[in-house]
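Written below as structure tokens is the structure these notes are about.
Residue numbers run from 1 in the order of the sequence given. Ligands are counted one by one from 1 in listed order, and the atoms in each one are counted from 1 as well. Keep in mind it's a predicted model, so treat the numbers as computed, not measured.
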Amino acid sequence: MTAGFTPPEPQAVAALQDIAGTGGWRAGTDMARYFEDPRGRFTGQATLVLLPDTVETVAKIVRYCCAQKIGIIPYSGGTGVVAGQLSPYSPHAVIVSLERMNKVREVSVEDGVLVAEAGCILQDIHSRAELENMIFPLSMASKGSCCIGGNLATNAGGIQVLRHGNARDLCLGVEAVLPDGSILHELSPLRKNNTGYDLRHLLIGSEGTLGIITAASLVLKPQDPETVTVFCAIRDHSDGVKLYKELRASLGESLSAFELMSGFGVDLVRNHFPKLPAPFAEKHSWHLLLQFDGPTGLNDKVEEVLGRMFEESLLVDAVVAQSETQSEDLWALRENTPEANRMEGAFCSSDTSVPIRRIGHFVNETNEALRDIHAGLRINTYGHIGDGNIHHNVFAPEGTTKGDFIQAHPEIIDAVRMAINEVTHQNGGSISAEHGIGRLKAADLESYASSAKQKALRSIKNALDPFNIMNPGALIR
Ligand SMILES: Cc1cc2nc3c(=O)[nH]c(=O)nc-3n(C[C@H](O)[C@H](O)[C@H](O)COP(=O)(O)OP(=O)(O)OC[C@H]3O[C@@H](n4cnc5c(N)ncnc54)[C@H](O)[C@@H]3O)c2cc1C
């Protein structure tokens, strides 16, 4: 695969600006915001940012770039954390931002489908669904900035995968521009459609390397009458796994979120967001944030089951939210975790998954491996127990700044990332659970994917994008 971006000639830049039209492009310092990495590790570059507002314009841009062999980076909300939307190593990229394609084209309650353009912000899709007393269940802390195009391109996960699945499970069809500029119209509301290779699923999770998603038909689900939010204290993360099993057995599908947070992590969030109330008077080593959604009477059932869990000593303490505000405050502890990690100066933020039954081993072995690298490392372990997706955020020892620590230990970032990958692999896991591969993990994928898988990935890429113009260097180096 020839990686890289060919420098666009000045006449090519002018031609692309002409295709995008007035208000349809940015250059020079106006491009600065497209170069930001949410975690501050990379700085992007580009020759031009294009802002098409119709699928036809996207197609014209791609056809031109294909003919001229100009590399394109599709861009939606810019919240990706694996540098898939950034070109840190070349100034010659042309960014195609979908931000002006932000309309909800259609809602059909009968079909349970909402058709959204790729630049629709996830939270706006939630609000639109609520107007119909429906929900679009994909949700994550970045929901106010990320867009559905990026969510699908990364097959995003988030906090309700346990019950509703990843982005992939919530998409019935896509409209996309393929690398030769042809438009794939597959905005199907159909639940059953067995007509050959499922190109929707090929594009979902392809991270902009096989085409630009311009719109999608999304699954809406009815709102549940009752939601119960519970914040729990537990002795140990392995009790979290036991509780998960018990609650699934007793309350089944109504369990929609099951989040693990360490005591260190809760303190970290409250240090950086001091207005958030403490969930308990006492400090605890481990916590769970649970959400249940279901029929009227669910609250009583949840309290009855939690009572049993106390008797079995699986719970140390628990608070059941008594109002929407209290529920929001409890969720704020979880949702502000990525931002608190950033503010504290995390130099590694892992995103790996293991089978649920291996979580206990995985957390213990990861902590051991990291302490072997440097005994003073501070570690925030948290994540989605129900998906086996536990994140480790790693910080310099107490009293040392991130900058000083990395300067003194230049190898530490790679060492930590590789140690976590190795423990994940030994526990039968995946080196990318929900964030994707991007540019950050492209080399890691080569180390951990089987040669059969790598060969198939490259064959698909070559077949659809023979000139490697779609997000060159992301996912596949
Ligand atoms: C605070 C915070 C919390 C987060 N929490 C979660 C979480 O819980 N779960 C989770 O999964 N992720 C999470 N993320 C990561 C991120 O929000 C997701 O990966 C999100 O899906 C990216 O969407 P975006 O619109 O910002 O995409 P972008 O960042 O713009 O792009 C991401 C990738 O998709 C490609 N792409 C973008 N748009 C298109 C398109 N229209 N067609 C084809 N390719 C495209 C880009 O080239 C890039 O490779 C979090 C990020 C932050 C900053």
Side-chain angles (χ1 to χ4, degrees), residues 33-34 36-42 44 49 52 55 58 62 71-87 93 95-102 116-123 125 138-161 166-168 174-179 184 202-216 257 259 334-343 346 349 351 353 382-384 387 389 391 393 432-442 470-476:
R33 84 168 180 81
Y34 301 90
E36 289 169 14
D37 172 22
R39 291 190 174 150
R41 295 154 306 175
F42 302 95
V49 176
V55 62
V58 176
V62 174
I72 294 173
I73 299 190
Y75 186 103
S76 286
T79 68
V81 288
V82 289
Q85 77 283 21
L86 299 168
S87 169
I95 292 175
V96 176
S97 170
L98 280 300
E99 69 202 65
R100 292 209 298 163
M101 291 193 65
N102 59 3
E117 290 184 342
C120 284
I121 292 176
L122 181 57
Q123 200 162 37
I125 296 176
L138 185 73
S139 191
M140 60 201 76
S142 53
K143 61 180 182 277
S145 316
C146 65
C147 302
I148 195 65
N151 298 145
L152 290 168
T154 56
N155 185 26
I159 52 181
Q160 302 213 73
V161 173
N166 296 300
R168 183 185 296 291
V174 294
E175 174 191 89
V177 175
L178 299 176
L184 185 74
L202 198 54
L203 285 158
I204 296 172
S206 67
E207 302 184 42
T209 61
L210 297 179
I212 302 181
I213 297 169
T214 50
E259 298 291 303
R334 171 64 184 86
E335 296 205 322
N336 284 307
T337 299
E339 183 57 10
N341 287 329
R342 192 192 62 76
M343 290 160 95
S349 308
D351 168 42
S353 61
Y382 71 99
H384 323 282
D387 318 327
N389 176 196
H391 305 291
N393 274 247
S432 176
E434 59 178 2
H435 294 159
I437 297 295
R439 291 180 173 77
L440 181 70
K441 293 187 178 178
M470 279 290 166
N471 215 354
L475 211 165
I476 300 173

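- Considering both main-chain and side-chain atoms, Ala153 never comes within under 3.5 Å of ligand 1 through any nitrogen or oxygen pair.
- Here Thr79 has heavy atoms under 4.0 Å from ligand 1 in both its backbone and its side chain.
- Ligand 1 has His435 within reach: a non-hydrogen atom of the residue lies less than 4.0 Å from it.
- Closest to atom 5 (N) of ligand 1 among all protein heavy atoms lies Met140 CB, 4.0 Å.
- Nearest-residue assignment for atom 10 (C) of ligand 1 (options Glu207, Arg39, Glu434, Gln160; heavy-atom criterion): Glu434.
- Considering CG of Asn336 and CG of Asn341, their distance stands at 10.5 Å, rounded to 0.5 Å.
- A distance of 4.5 Å separates CG in Asn151 from CE in Met140, rounded to the nearest 0.5 Å.
- Heavy-atom proximity to Ala156, at under 4.0 Å, picks out these atoms of ligand 1: 11 (O), 21 (O).
- For a threshold of 3.5 Å applied to N or O pairs, the pair formed by Ala118 and ligand 1 contains no separation below that value.
- Using cut-offs of 30° and 60° for the angle between ring planes, the Tyr34 and Tyr75 rings count as perpendicular.
- Evaluated by nearest non-hydrogen atom to atom 4 (C) of ligand 1, the leading choice among Ala176, Ser432, Ser142 is Ser142.
- Between Arg33 and Glu99 there is a salt bridge, with a side-chain nitrogen of the basic residue lying less than 4.0 Å from a carboxylate oxygen of the acidic one.
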Side chain to side chain contact (heavy atoms under 4.5 Å, CB included) assessment of Asn102 paired with Ile121
CA-CA 8 Å; Asn102 59 3; Ile121 292 176; over 6 Å; no
Could you give me the CA-CA distance, side-chain angles and deciding distance for His435 and Leu440, then say whether side chain to side chain contact (heavy atoms under 4.5 Å, CB included) is met?
CA-CA 10 Å; His435 294 159; Leu440 181 70; over 6 Å; no
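- Proximity to Asn471 (heavy-atom distance under 4.0 Å) selects the following atoms of ligand 1: 47 (O), 49 (O).
- Atom CG of residue Leu210 and atom CG of residue Leu202 lie 5.0 Å apart, to the nearest 0.5 angstrom.
- One option in Ile212, Asn166, Ile213 has a heavy atom closer to atom 41 (N) of ligand 1 than any other, and that option is Ile213.
- Between Leu152 and Ala216, the shortest heavy-atom distance links the atoms CD1-CB, 3.3 Å.
- Under a 4.0 Å heavy-atom criterion, Ser97 is not in contact with ligand 1.
- The shortest non-hydrogen separation linking Pro52 to Val58 is CG-CG2, 3.5 Å.
- Ligand-side atoms of ligand 1 in range of Gly80: 26 (O), 29 (O), range being under 4.0 angstrom from any heavy atom.
- Considering CG of Leu122 and OG of Ser76, their distance stands at 11.5 Å, rounded to 0.5 Å.
- Looking only at protein heavy atoms, the nearest one to atom 24 (P) of ligand 1 is Gly77 N, 3.5 Å.
- Each of the following atoms of ligand 1 lies closer than 4.0 Å to a heavy atom of Gly208: 43 (C), 44 (N).
- Under the 4.0 angstrom criterion for non-hydrogen atoms, Gly157 is in contact with ligand 1.
- The shortest side-chain heavy-atom distance between Pro38 and Gln85 falls under the 4.5 Å cut-off.
- Nearest protein heavy-atom contact of atom 46 (C) of ligand 1 is Pro74 O, 3.1 Å.
- Heavy atoms only, all atoms of each residue included: Gly149 and Ile213 are closest at O-CD1, 4.3 Å.
- Of all the heavy atoms of Leu203, none lies under 4.0 Å from any atom of ligand 1, so neither backbone nor side chain is involved.
- For residues 145-156, no residue pair satisfies the salt bridge (Lys or Arg N to Asp or Glu O under 4.0 Å) rule, not counting sequence neighbours.
- Of the candidates Asn155, Val174, Ile212, Leu203 forms a side chain to side chain contact (heavy atoms under 4.5 Å, CB included) with just one, namely Val174.
- In this structure, the protein non-hydrogen atom closest to atom 28 (P) of ligand 1 is Gly78 N, 3.5 Å.
- Scanning the protein for heavy atoms near atom 31 (O) of ligand 1, the closest one is Gln85 CB, 3.7 Å.
- When each atom of ligand 1 is checked for a heavy atom of Cys146 under 4.0 Å away, the hits are 23 (O), 24 (P), 25 (O), 26 (O).
- Under the 4.0 angstrom criterion for non-hydrogen atoms, Gly158 is in contact with ligand 1.
- Distances between N or O atoms of Pro338 and those of ligand 1 include no value under 3.5 Å.
- Listed by chain and residue number, nothing satisfies the salt bridge (Lys or Arg N to Asp or Glu O under 4.0 Å) test with Arg168 (two or more places apart in sequence, or in another chain).
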From CA spacing to verdict: side chain to side chain contact (heavy atoms under 4.5 Å, CB included), Glu434, Asp351
CA-CA 7 Å; Glu434 59 178 2; Asp351 168 42; 3.4 Å; yes
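- Here is the list of ligand 1 atoms found below 4.0 Å of a heavy atom in Gly84: 47 (O), 48 (C), 49 (O).
- Scanning the protein heavy atoms around atom 20 (C) of ligand 1, the nearest turns out to be Asn151 ND2, 3.5 Å.
- For ligand 1, the atoms lying closer than 4.0 Å to a non-hydrogen atom of Pro38 are 53 (C).
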Show your reasoning for whether side chain to side chain contact (heavy atoms under 4.5 Å, CB included) applies to Arg439 and Asn471.
CA-CA 10 Å; Arg439 291 180 173 77; Asn471 215 354; 2.7 Å; yes
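- For the pair Thr154 and ligand 1, the shortest N or O to N or O distance falls below 3.5 Å.
- For atom 27 (O) of ligand 1, the closest non-hydrogen atom of the protein is Gly150 CA, 3.4 Å.
- Heavy-atom contacts of Gly211 reach the following atoms of ligand 1: 43 (C) (cutoff under 4.0 Å).
- In terms of protein heavy atoms, atom 38 (N) of ligand 1 is closest to Ser76 OG, 2.7 Å.
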